[in-house]
Every structure is written in C-alpha cells, then in structure tokens.
Amino acid sequence: MSRLDATLELLSELTRWRSVAGEKDAQRGLAAWLEQWMVERLDAAVVLPVAVQSHDTPPLVHVRIDNGFERTVVLYNMYDVMPADESGWDVSPFVGGLCDWPELGRVFVGRGAENNKGPVAAMLILLCELQQQRLDFNIEILLEGEEEVGSGTLRRYLAQQPCPIAPAEAVLFPSLCEYGGGAPRIYLGFTGLATGRLSVTGGEWGGPSSAIHASNAGWIASPAWQLVNALNAISPAADRGVLGRLMPDEEANLLLAELAKSFSLEDELRFRRSQRLMIEGDTLSCLQTLLGSAVLTLAELHSNPSGGRGVIPYRASAELAFRIPPGFDQDAMIERARQRLTQPDLAGSELELFDSYPGIRFGRSANGVDALIASYQALDATPQIWPWAPGCAPAYAFAAVAPAFLIGGLGHGGNAHAVNEFVTLEGLERFQQSLSLWLTGFNDPAFGRVARHTRETPKTIKTGKKP
C-alpha cells in the first residue's frame, strides 16, 4: 500500500468518529482508538492512559516513543472537530470521501479533513515510515479533544509540577499551512483566548422572573434588550467588537513590513469569503490592525424561552470569546468589562468565564524555526513570517516545555469549520514531504543554514499576563 493510500485509509477511519464538543462517547472512543493505534503501529508507550481519565472531559492522548536518545521533540495535535450536518456537502461530513473538483483536482472531503484530522492521519503514517530506521530523538505525542473550546484539560495537565513532559528541543503542531493554496505561514506567537457567557436574568431590576406575554413590553423591561445594552457597553457595536488596539512593537513591525510587500488583501478576502474589508488603509496598516486588535466575538445568542415572538423572555445570554493578542494585559481587560457590567444601568448582567489562556510570542531564532523555513524552501515555497497569529492556540501551555511552539507543514486544504471541508491529495503528500524534512533536519545546522540570513537577535518569550 502506498503512503497516500495508507493516509487516506486512516483519515477515513478518523473522519467517521463524530468527535465534536458534547459528543463525549465519540470523543472518548476516538481517543482510545488513537492510543491503541500508536501502541501497535509506532511501538509507543502510553504515558496517560485514556481509560483512567475522567469521563467529564474529552481525554488527552499522551504517548512516548523512546528511541534511546537524550533529545526529545513534541508533536501536538487535536482530534476534536466542529459540528456539521449533511446540508450542502458533496459527501456525508462524518463519512468522508474522494471527489474530483474542477479547480483543485482530487480532494478528500469530510469534517476535519483540513482541521485537523487530515494532518493527524498524515503525521502518523509518516512516523510509521520514519521509525523504521528510528529517528535520532525521542518523540512525545499529545493529542487533545478540546482545541476548539479552549484546551482546558491540556493546559491543566501541562501545568502540573513537575511537568509530565521533560524539556524538549521543540514543539510542533503539524498542520496544513498553505492556506487557500497560497504562501505557507510561520507564526512566531499566538493570540490568547478567554471563553465565556454573558447573561441577563429578570428579577428585581425590572425584568420578568418568568416569561410573560409580549403585550406587556410597554412597561416591563426585557432581559433580551438589557443583554443588547450590556454587549454594547463593553464592546460598542460601532467598533465591531474591538476592545482595544495596540501598535505592534519594532520587532513585529519589521516582520509586518516585510510581509506587506507580498501579502494580498484581495486574495485573503477571497479566501475568507468576505464581501469587503471593514477598515481602510494600506496593506501594512491593515495587518497592524488585524494583529493589534483585542476583539470580543459572539458565537451564539439565546433567550429563555426560545422561539416565541409573543413573549418577553425571563433570561437572555450570549456565548462569547475574548481574543486578545500578546502585549495586552488579558486579566485587566476582562476585569474592565466585569466592572462595567456592575453599573446600575446594566443591572441583571453577569459575565461567567469558562476558561482562558494568554497570548504568547517567541523569538525568530527559537529552535526549530530555521528548519521549518528550510523545509518550505526545499520544496520551492517561500513562507510568510508573522510576528504572531491572529488565531488562537494553546501555545502558552508549552512555554515550560520548549522555547517555541510552532505550527507548520505545507499542503492545501480549505473550508475548515464550513461546508465541504477538504484537503487535496497533492496537499497531503506535500504536507508529509515538508514534515519529513523538518523531523529529519531540524537539528542539523547545515539544513537550517539556508534560512539563517533572516535570523534576528534572540528574543525572550513575551506573553500577556498569566491568568
């Protein structure tokens, strides 16, 4: 069986598990299946058995491949995916299958194909091959089931003293980084995330303590309107959720200025399926705004009872997230929102935080960065280097493990979190080629030398305030 066929077979198996938030049996089943697969196929030793973990949260999968060396590399990934229904898909999202698309050729379509079951399958099959001659370092593999909802279990696990993972050479999150088929990206940091719920309940402040007929709206306050007021008070609608902005520092601006020379706003918006850019300015200023903005995003709005236009609800709530870049004091920003909600004009409002982690930055010279750039260049790809990602990842959790948390890998996928999520078959092969180059060359000074002409003075890790 070819490497690609083996990868597609494994990806098909992973796709059928509905490992979305709330599907605890499916998540636990997939975690146990992955653990057993790695024991059998990679001769891995289980560090944290799935069977002994709490049933309240998706289990971590933590295995170790001991090749008998002092050096260790950590490979982190995720097995959870976003929900999906059948509507609009070319194939069933939790069955998956091959399609021929006119512009992209042969693709595998299914939930998680890009984010991140496709890379997990490709990573594991590649490791099977590389381990036949044994890599010259040990490998720790961590797979989690909560990346889409804050990585709480993983972060608490790594926060133990002593840390269950000894200091490592590098941490890599293998992913398909040729987003939209464009230039691959290298992020030297990640945005922080705090998830929660803002709710307004009726009662003494004037809202109803139980649902009442909407004909009373002229004299009875509605929790739904009070929720709108509360959201607008902590994040004015005119600002589109932006809580604050900072100008990236000199180091970050140098990287952004170089990025702006080749970055296409038009291509980015076409990939994101946006109708228009919500800010004005040149490419550099738009990038500065994107990375320098702390934003409150809204995922869902609810009222209780729901679905009735003829009632005033007794409760209204919003599922939300604070997405805060490194450089901000995350705790202080959230505390300001809490204090505003305590004011008399917002009576009945309550902000409940579920979980949080801060943003983090690391230096351009951190171990593994040169090798990641070189692995791209060896396959004729010129990477974009970002001072940090506009997206969130639990990179902070690994700060005590390694000097950098890298997300990397070539390959073209798309429609993550959306209908017809896919990865091209060529992208899977390209991903494995680049990952193989990184794994076999990251510790070879000669391999990384091609990328070193852009190296800067080492920088210390920078984070927001630890929650």
Side-chain angles (χ1 to χ4, degrees), residues 28 31-32 34-35 38-39 42-80 123 127 131 134-147 149-174 189-190 192-194 326 330-331 355-363 365-369 392-407 439 442-443 458-467:
R28 193 171 189 85
L34 282 164
E35 179 183 86
M38 289 187 286
V39 168
L42 295 174
D43 195 26
V46 177
V47 179
L48 178 67
V50 168
V52 305
Q53 297 179 54
S54 168
H55 286 255
D56 294 335
T57 59
L60 288 174
V61 181
H62 183 189
V63 303
R64 179 176 296 132
I65 302 173
D66 188 348
N67 287 325
F69 293 91
E70 293 184 359
R71 295 172 298 127
T72 296
V73 168
V74 179
L75 297 177
Y76 158 85
N77 226 301
M78 53 188 277
Y79 63 81
D80 60 321
M123 175 187 80
L127 285 176
Q131 275 297 105
R134 291 201 177 274
L135 291 163
D136 60 354
F137 48 82
N138 308 317
I139 304 169
E140 302 263 359
I141 300 176
L142 269 175
L143 307 178
E144 68 155 320
E146 294 178 301
E147 196 278 340
V149 292
S151 304
T153 301
L154 171 74
R155 291 186 294 107
R156 288 186 289 273
Y157 180 63
L158 293 178
Q160 295 180 96
Q161 295 295 330
C163 181
I165 299 180
E169 301 287 316
V171 178
L172 181 70
F173 181 4
F190 294 87
L193 179 70
Q330 183 186 67
D331 288 353
D355 216 339
S356 67
Y357 57 80
I360 188 171
R361 290 176 63 183
F362 50 86
S365 61
N367 197 23
V369 176
C392 305
Y396 182 86
F398 291 93
V401 175
F405 176 96
L406 297 168
I407 182 169
L439 287 169
F442 87 95
N443 207 46
K459 302 294 192 300
T460 56
I461 290 177
K462 302 177 182 180
T463 74
K465 186 177 179 182
K466 184 176 180 180

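These numbers come from the heavy atoms of this one structure, side chains and all, not from hydrogens, waters or symmetry mates.
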Are Leu135 and Ile65 close enough that some pair of their side-chain heavy atoms sits under 4.5 Å apart?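 No, every pair of side-chain atoms sits at 4.5 Å or beyond.
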
Within the structure provided, determine whether Asp355 and Arg156 are in side-chain contact (heavy-atom separation under 4.5 Å). yes

Please collect all ring-ring contact (aromatic ring centres under 6.0 Å, His included) contacts where either partner lies in residues 56-80, sequence neighbours excluded, each pair once. His62-Tyr157, Tyr76-Phe173, Tyr76-Phe398, Tyr76-Phe405

Mind checking the [atom1]-[atom2] spacing from [X] to [Y]? Nearest 0.5 Å is all I need.
X: Thr72; Y: Ile165; atom1: OG1; atom2: CD1; result: 9.5 Å
X: Met78; Y: Leu154; atom1: CE; atom2: CG; result: 12.0 Å
X: Glu144; Y: Leu158; atom1: CD; atom2: CG; result: 9.5 Å
X: Leu60; Y: Gln53; atom1: CG; atom2: CD; result: 5.5 Å

Shortest non-hydrogen contact from [X] to [Y]?
X: Arg28; Y: Ala51; value: NH2-O, 3.7 Å
X: Ser151; Y: Pro394; value: OG-CG, 3.4 Å
X: Gly68; Y: Asn138; value: N-OD1, 3.2 Å
X: Pro326; Y: Gly359; value: CB-C, 4.0 Å
X: Cys392; Y: Gly192; value: SG-O, 3.5 Å
X: Gly363; Y: Val369; value: O-CG2, 4.3 Å

Val61: which of Val46, Val50, Val47, Leu142 passes side chain to side chain contact (heavy atoms under 4.5 Å, CB included):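 Single side chain to side chain contact (heavy atoms under 4.5 Å, CB included) partner of Val61 among Val46, Val50, Val47, Leu142: Val50.
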
Non-neighbouring partners of Arg64 that pass salt bridge (charged side-chain N to carboxylate O under 4.0 Å, His left out), sequence neighbours left out: Glu140

Please list, chain by chain and in numerical order, all residues satisfying side chain to side chain donor-acceptor pair (under 3.5 Å) with [X], sequence neighbours excluded.
X: Asn67; answer: Gln131, Arg134
X: Glu35; answer: none
X: Thr57; answer: Thr153
X: Asn77; answer: Asn116

Surrounding CD of Glu70 (heavy atoms of other residues, nucleotides or ligands, distance under 6.0 Å), is the total greater than 12? no

Sub-3.5 Å donor-acceptor pair from the side chain of Asn367 to the main-chain atoms of Ala170, do we have one? no

Within the side chain of Arg71, is there an N or O that forms a donor-acceptor pair under 3.5 Å with the backbone of Asp136? yes

Show, in sequence, the C-alpha distance, side-chain angles and deciding distance for Ile139 and Leu75, and conclude whether the side chain to side chain contact (heavy atoms under 4.5 Å, CB included) test is met. CA-CA 7 Å; Ile139 304 169; Leu75 297 177; 4.0 Å; yes

